[in-house]
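Notes to accompany the following structure.
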Amino acid sequence: MLLIKVAGNFQQELGCDFILVIDTEGLKAPEMAKLEDSYQHDNELATLVIGLSDITIVNMAMENATEMKDVLQIVVHAFLRMEKIGKKNNCQFVHQNVSDVSAHEQNMRDRKHLLEQLNEMTKVAANMEKKCKEMNFSDIMDYDLEKHNWYIPALWHGLSPMAPVNLGYSQKVYELKKYLFEFLKDCSQERTPKDIPQFLAWVRSLWNAVKHENFIFSFRNSLVAEAYNQLSVKYAEWEWGFWKEIPFWVSEKETFIQNQPPDKLDPNLSIRLKSEAQEKLRQEAEKILNHLQLYFESGAANLHLIEKYKEDFRRSANSLRNELESYSFSKWQEAIHIKKGQHKTDSVLSEYKRKIEEKVDGLLNHCRKSNCKLNNDELEKELENMWRETLSELSLIPLQRRNIFEDVEFQLRRDLADRGIAVWKMLQDAKSLCAYKTQNFKMKKKYLDLKVFRGYTLSISGVKEFLTQECWHKTEALAKSLIEECNSYTDGKVNGKADYDETYCRELF
């Protein structure tokens, strides 16, 4: 970053004392491109710099035009997610080392093609970000096909060390500089330039938004991100099918263990169950891998762009298999332990019962042999004293209490981790789950996304109001039905005999 002081007689025209120039020192540099997944650094930096600027100069050398287009696509994604920024800055494309001074006219076709691509990618990005209306690149950035492209010839005539300076270079650079200052003058009339404290606050808010967008920044462009996103949605369905199947099967085996006599709970039972589990898990993991293979053979759009991620999903499936294998074994060990514990508990109860009966008999014999007769109150007092003494001699071990609130909150935060900056901010501000009380649902206007009506002229009076009311009632009915369904599910689990399991949270979500 460099602060350039504006000359005193020029400050009033521009409306500022300094111009801040931010240089990224080159995006999509050849040395960085050699590194695997170098997109994140460039995409984060480009989004931050464009977000801070009133004017962005995109330096387009011929060899990196495609890469710069990819960067701009990801910037579009980030700005779509950061709607509250409410800023639309100017974008200037500077094409370097152009041999012909008439390149501006001759390259109109290429400029149109670039804009068509950027528009198409903006539509893809808007669709991924669940935006209702049709969007173009010019809705995100202030860009004009005619005015905002500059073709600058090479600085030197020829390549030899004694080559003369190209006068056309200075002329074109001067034209660009003049246009930029004219643009800044116009900007100062429309909005007040920021002071330094405002700029610092802007940097903080923008950086907070940028640093939590890891998902979208890690991709080369919108097409790759969309293809990956679609595969992720499919994979989540396959993964949940696997998750749902195993706990149900484990529950059956737990019932089987509960019905076994104590002498059958030997090491051979664990070995047999382990073998069955491994076969079951192998079959279910194989299903996911088959689904994955069929998806890549299905001919869905842009699958060739995410071929390199295929192995990541295979590893994820195998990781899930290992996780569920550990889960299954621990549940069976616990069931066997509980069954053995029940047998031990029965023995302990019999022993405690025998001890208590001996104490009661001893108390009765003592009362019979004593010369003085005790009334009912005195007998009851003697019995209570004997009862307290007897219980104090027994080693009672209470059951360990599970912190279900904490577990549900952990699962919820993990489930919502990659839902974008708006959700992340809500989670940051959220209190502990225990701090919230159950309240009746009340429909509010902010729950409705009415952006769909923007930009449309409704010729029939009251159509918008009618559609809004219908949307209101449908949303309210949907919310209440979901709440009832969730309450019914949790009531069933609470009133059931089974112990708490973290699978219930995932199923609820």
Side-chain angles (χ1 to χ4, degrees), residues 40 43-44 47-48 51 74-87 125-132 201-219 225-226 228-233 235-237 239-240 243 312 316 319-320 323 402-451 475-476 478-483 485-487 489-490 493 500-509:
Q40 182 142 348
N43 292 333
E44 284 180 347
T47 303
L48 185 67
I74 299 299
V75 169
V76 165
H77 264 283
F79 274 77
L80 281 168
R81 286 190 173 198
M82 295 182 280
E83 274 185 333
K84 290 183 181 176
I85 283 178
K87 186 178 179 184
N127 184 53
M128 280 185 68
E129 302 298 340
K130 307 290 187 294
K131 302 299 173 188
C132 300
W202 186 253
V203 172
R204 282 190 212 101
S205 64
L206 186 63
W207 180 242
N208 279 332
V210 168
K211 70 182 180 181
H212 295 291
E213 290 293 352
N214 293 337
F215 173 76
I216 201 67
F217 287 142
S218 60
F219 293 103
E226 185 188 37
Y228 185 92
N229 197 40
Q230 288 175 348
L231 176 55
S232 296
V233 170
Y235 181 80
E237 293 174 9
E239 186 183 58
W240 175 234
W243 246 110
D312 292 342
S316 181
S319 174
L320 178 62
E323 183 184 342
R402 293 283 296 274
N403 192 334
I404 297 175
F405 275 108
E406 197 174 273
D407 193 31
V408 173
E409 185 177 340
F410 170 76
Q411 297 268 4
L412 179 63
R413 288 180 180 274
R414 187 172 70 172
D415 190 58
L416 297 175
D418 299 320
R419 303 294 179 90
I421 188 66
V423 175
W424 176 83
K425 283 182 177 176
M426 288 173 68
L427 288 176
Q428 286 290 98
D429 298 335
K431 296 176 284 188
S432 168
L433 206 59
C434 298
Y436 294 95
K437 295 179 181 178
T438 306
Q439 296 177 336
N440 292 328
F441 175 74
K442 290 181 181 178
M443 188 63 191
K444 297 178 183 177
K445 193 173 181 180
K446 66 179 182 179
Y447 300 153
L448 295 179
D449 185 0
L450 300 176
K451 291 193 292 289
T475 307
E476 186 174 32
L478 174 64
K480 287 184 176 178
S481 69
L482 286 171
I483 291 167
E485 193 175 341
C486 290
N487 286 338
Y489 175 84
T490 50
K493 295 299 180 186
Y500 167 75
D501 190 279
E502 67 176 37
T503 314
Y504 300 157
C505 294
R506 296 188 64 151
E507 196 170 345
L508 192 65
F509 297 150

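Treat the numbers as computed from the prediction; the structure is a model and nothing was measured. When a residue number appears, it is its place in the shown sequence, counting from 1.
- Once rounded to the nearest 0.5 Å, the distance linking OH of Tyr235 with OH of Tyr228 reads 10.0 Å.
- Listed for the Thr490 side chain is a donor-acceptor partner under 3.5 Å among the backbone atoms of Cys486.
- Scanning all heavy atoms of the two residues, the minimum distance from Phe441 to Tyr447 falls at CE1-CE1, 3.8 Å.
- Rounded to the nearest 0.5 angstrom, Asn487 CG and Ile483 CD1 are separated by 7.5 Å.
- Residues passing the side chain to side chain contact (heavy atoms under 4.5 Å, CB included) test with Gln230 are Glu226, Tyr295, sequence neighbours excluded.
- With sequence neighbours excluded, the residues forming a side chain to side chain contact (heavy atoms under 4.5 Å, CB included) with Ala430 are Arg413, Tyr436, listed by chain and number.
- Partners of Lys480 according to the salt bridge (Lys or Arg N to Asp or Glu O under 4.0 Å) rule, which considers only residues two or more places apart in sequence or in another chain, are Glu476.
- Within the 4.5 Å cutoff, the side chain of Val408 has no heavy atoms near those of the Phe410 side chain.
- Between atom CZ of residue Arg414 and atom CG of residue Leu427 there is a gap of 14.0 Å, rounded to the nearest 0.5 Å.
- Atom CZ of Phe405 has 12 or fewer heavy atoms from other residues, nucleotides or ligands within 6.0 Å.
- Considering only residues two or more places apart in sequence or on other chains, Ser432 meets the side chain to side chain contact (heavy atoms under 4.5 Å, CB included) condition with Glu409, Cys434.
- No more than 12 heavy atoms of other residues, nucleotides or ligands shown are found within 6.0 angstrom of CD on Glu406.
- Glu507 approaches Tyr489 most closely through the heavy-atom pair OE1-OH, 3.3 Å.
- Looking at residues two or more places apart in sequence or on another chain, you find a side chain to side chain contact (heavy atoms under 4.5 Å, CB included) between Glu237 and Val233, Lys234.
- Remark: Glu239 pairs with no residue by the salt bridge (Lys or Arg N to Asp or Glu O under 4.0 Å) rule, at least two apart or across chains.
- Remark: Leu412 CG to Asp407 CG distance equals 11.5 Å, nearest 0.5 Å.
- The CG atom of Asn440 sits 8.0 Å away from the NZ atom of Lys442 when rounded to the nearest 0.5 Å.
- To the nearest 0.5 Å, the span separating CE on Met443 from CG on Leu478 amounts to 9.5 Å.
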